[in-house]
Amino acid sequence: MRKKLNILKAKEKGSIYTLVIHNSIRLAVIVLILAAVFGGVGWILMPQKVEPAGIKKLIRRVNSAENDDYSSINTVKLLGRNGYFEITDNKANVLFTSDSQHKNTYNKDILQYLPLVDTDVVYDLLPLENGEKQGSLLVRHTEDQLTGIAMLDENGKIMYSNLNLKNSQISSETMDYLFYKVDSSNLFIQKYEFLNSKGERRYLLIHSNSDSAGIVSAQRVTVVTVIGICIILLVVLIILTGRRLSARVVAPIRKLTRAIDETAGGNWIQIHEGEEPKEMLEVIRSFNHMEEALRKSEEEQKKLQDQRRKMVADISHDLKTPITVISGYVNAMRDGLIPEKEQDKYLEIIQNKTELLTGLINSFSDYSRLDHPGFQLNMEQGDLCEYIREYIAGRYSELEVGGFHLEADLPEERIDAGFDRMQLRRVFDNILGNAMKYCGPGTTFRIEAGLVTKDGNYLRVLIGDNGPGIPEKYRASIFDPFVVGNESRTSGKGTGLGLSIAKQIVELHGGSISLTDRPGCVYEIMLPVNGNGH
């Protein structure tokens, strides 16, 4: 029983490697898009300005630090993503910084103008122009009140002031700070003056996004929420990608397993080709080819078994008939049932049956020997056309005596090939012997040859007769063993092994033999030449 599931042949897909790469790229792109979207949303939702609780905590921890050790203070938690702090002495020398990437330098003037964290007093520097001369105006103020001014020339020299400034000139570095009021990272700077554990004056310089920058729990909640959503979506994407890969890889494996189980149970089955990866399609096609080959092999084995059973029956029958005749006549003569004057006639019958029996045994022996895997031809190099001419010359007299005509058309040039002289003679003998057996006197035998090129160099030999031919129903099986023609070419003679033996010999030479459609009974033999023989 055989099931045919291969209805439509699907378009070949990419390899498993390509499938994994495509799905990985697709997954990575989706994850990046989701990360960008949720990251942007989280950034927008994350508070940038919060209550000054962080600065107050920072001041408390700085005041409680022992031996000027401030390294344990968590700056990010108190001042935000970009914030940091520095500790300077009263000469503006930086003694500690919480972010080693920032290398700021200060002077005592800059420290003087930095705003205190616990006041709202601010210094602003405003540019002034008076004709060709340029100057600036230093203003001290709170949110709603002006508390003092100072006029500076283009070099920072104080022309007028009611601010009780210590110096008569402001340096260019100090003027740059007063103009921009931010550090190199565009962070706002505030100061806090305190005494360390040794009683030394120190300044805490706080760099933050605003004067009220800090970190609150809302930022942590936002980050955790965004990360949680991304993890959930990533897990969902991995599951969906896994199911897709499973459908493309695991499903065909299951089909293959089912087909193997069905085949093992004796049901021949072909696997339907779907949208499998390239490697899986190759495996499925290999299985289908294997199934086809095994099925044909099983059919061939069954045919061979039937043929062998028939062969045994035919051998038994062919041997039994002459043995029965010989045994019967011998017993009759021994018992005195045959008159003495007729004994010569019966002895002749016994001799003919003995010769027939010998021929049968020889044919069976030759057929079995040629069919044995260890049998080898005795190959010799020679002129194949000259060999055929010698064979025809050797059979000419015999054919002429039997009343048969012979025509030959062979190439004059030398055609070298490797062949077994004795076995190849048996091929021609069997074909001519059949013709002489089934055709009457007056029949014309013809043999012609020519060089052809077809997947190599071959000598094409046409040999046959113009007799009644082979009945159509026997043509397909004429080379099978024990097939003996009857009807128009019937005599009941022979074992039916002659053409089978001829076919074996020709194929052992690496050639082929077939029955042509020409009138009469004409065979085509293709023999490899120019050293192509086997």
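Each residue takes its place number in the sequence, starting with 1.
The side chain to side chain contact (heavy atoms under 4.5 Å, CB included) test applied to L294 returns W268, M290, not counting sequence neighbours. Remark: S98 pairs with T75, Y84, F85, F96 by the side chain to side chain contact (heavy atoms under 4.5 Å, CB included) rule, at least two apart or across chains. Residues satisfying the salt bridge (charged side-chain N to carboxylate O under 4.0 Å, His left out) criterion with E412, sequence neighbours excluded, are absent altogether. For R518, the salt bridge (charged side-chain N to carboxylate O under 4.0 Å, His left out) criterion is met by E448, not counting sequence neighbours. Every residue meeting the side chain to side chain donor-acceptor pair (under 3.5 Å) condition with Y70, not counting sequence neighbours, appears here in chain and number order: D68. Residues passing the salt bridge (charged side-chain N to carboxylate O under 4.0 Å, His left out) test with R414 are D416, sequence neighbours excluded. Under the side chain to side chain contact (heavy atoms under 4.5 Å, CB included) criterion, K91 pairs with D89, N93, sequence neighbours left out. Every residue two or more places apart in sequence or in another chain was checked for a side chain to side chain donor-acceptor pair (under 3.5 Å) with Y203, and none qualifies. Taking the side chain to side chain contact (heavy atoms under 4.5 Å, CB included) definition, one finds that P411 meets it with C385, E413, I415, A449, sequence neighbours left out. In this structure D420 satisfies the side chain to side chain donor-acceptor pair (under 3.5 Å) test with no other residue, sequence neighbours excluded. Taking E193 as the reference, R201 meet the salt bridge (charged side-chain N to carboxylate O under 4.0 Å, His left out) condition, with sequence neighbours excluded. The side chain to side chain donor-acceptor pair (under 3.5 Å) test applied to N63 returns Y192, not counting sequence neighbours.
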Would you sort out whether Y123 and Q112 count as a side-chain hydrogen bond (donor to acceptor under 3.5 Å, both in side chains), showing the intermediate values?
CA-CA 10 Å; Y123 290 89; Q112 177 184 350; 5.4 Å; no
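When only modelled atom types and interatomic distance are considered, D69 and S71 share a side-chain donor-acceptor pair under 3.5 Å.
In this structure, the separation between CG on L138 and OG1 on T174 is 10.5 Å, given to the nearest 0.5 Å. Between the CD1 atom in I170 and the CG atom in L152 there is a gap of 4.5 Å [rounded to 0.5 Å]. We find the CG-CG distance between L204 and L58 to be 5.0 Å, quoted to the nearest 0.5 Å. If you take NZ on K157 and CE on M151, they are separated by 14.0 Å, rounding to the nearest 0.5 Å. The OG atom of S161 lies 8.5 Å from the CZ atom of R140; values are rounded to the nearest 0.5 Å.
Summarising the local packing, NZ of K191 is surrounded by more than 12 heavy atoms from other residues, nucleotides or ligands at distances under 6.0 Å. Counting heavy-atom neighbours within 6.0 Å of N164 CG, excluding the residue itself, gives a total of 12 or less.
For the pair N155 and Q169, the minimum side-chain heavy-atom distance is below 4.5 Å.
Looking at R295 and E292, a side-chain N of the basic residue comes within less than 4.0 Å of a carboxylate O on the acidic one, giving a salt bridge. Checked for salt-bridge contact, E200 and R202 meet the test: a charged N lies under 4.0 Å from a carboxylate O.
Residue S171 comes nearest to N107 through the heavy atom pair OG-ND2, 3.5 Å, listed as atom of the first residue, atom of the second, then distance.
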